[in-house]
Amino acid sequence: MPEKSIHALLQDSFPSSKRENWVSVATAEINKQNPDEALTWTEDQLRFLAYYDQDDAVTLSNQNNFQLSQGKKLFSGSRAWVNMPS
């Protein structure tokens with residue numbers, strides 16, 4: 001039998017969770033306060049939440065502005081850092 005990949009082992013070791021699970025645990029840890037209010041902060045007119053998940057990616061439409069075009073060197077994909085001497 002082939003060995004499981006590290007990805008499969010991690011998925012088996014950590015059960016998936018949902019935002020509702022996080023909210024209930026966070027609420028208990030911060031003395032029944034609303035975690036969305038108590039753990040959110042603003043810096044330079046940017047609002048940061050304490051918890052993000054895949055569902056939040058839909059609301060972050062400004063990420064579409066950062067799609068990079070294909071680079072001249074095809075081996076590095078769209079764009080990439082290459083850490084090696086010239």
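In what follows, every heavy atom counts, from backbone to side chain, and hydrogens, waters and symmetry copies are set aside.
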Taken to the nearest 0.5 Å, the spacing of N21 CG from S16 OG works out to 8.5 Å
Nearest non-hydrogen partners of P35 and I30, listed with the distance: CA-CD1, 3.7 Å
Indicate yes or no: at least one non-hydrogen side-chain atom of D55 is less than 4.5 angstrom from one of R19. no
Nearest heavy-atom contact between R47 and T40 is NE-CG2, 3.6 Å
With no hydrogens and no angle check, is any side-chain donor or acceptor of S5 less than 3.5 Å from a backbone partner on A8? yes
Would you kindly confirm whether V25 and W22 end up in one hydrophobic cluster when ILVMFWY residues are joined by side chain heavy atoms under 4.5 Å apart? no
Can you tell me if N34 uses its side chain to pair, donor with acceptor, with the backbone of D36 under 3.5 Å? yes
Restricting to ring pair (Phe, Tyr, Trp, His ring centres under 6.0 Å), what partner residues turn up for F48, sequence neighbours left out? W41
For T27 versus V23, what's the shortest heavy-atom pair and its separation? OG1-O, 2.6 Å
Take D12 and K4, measure what salt bridge (Lys or Arg N to Asp or Glu O under 4.0 Å) needs, and give me the verdict at the end. CA-CA 10 Å; D12 293 345; K4 285 187 171 184; 2.4 Å; yes
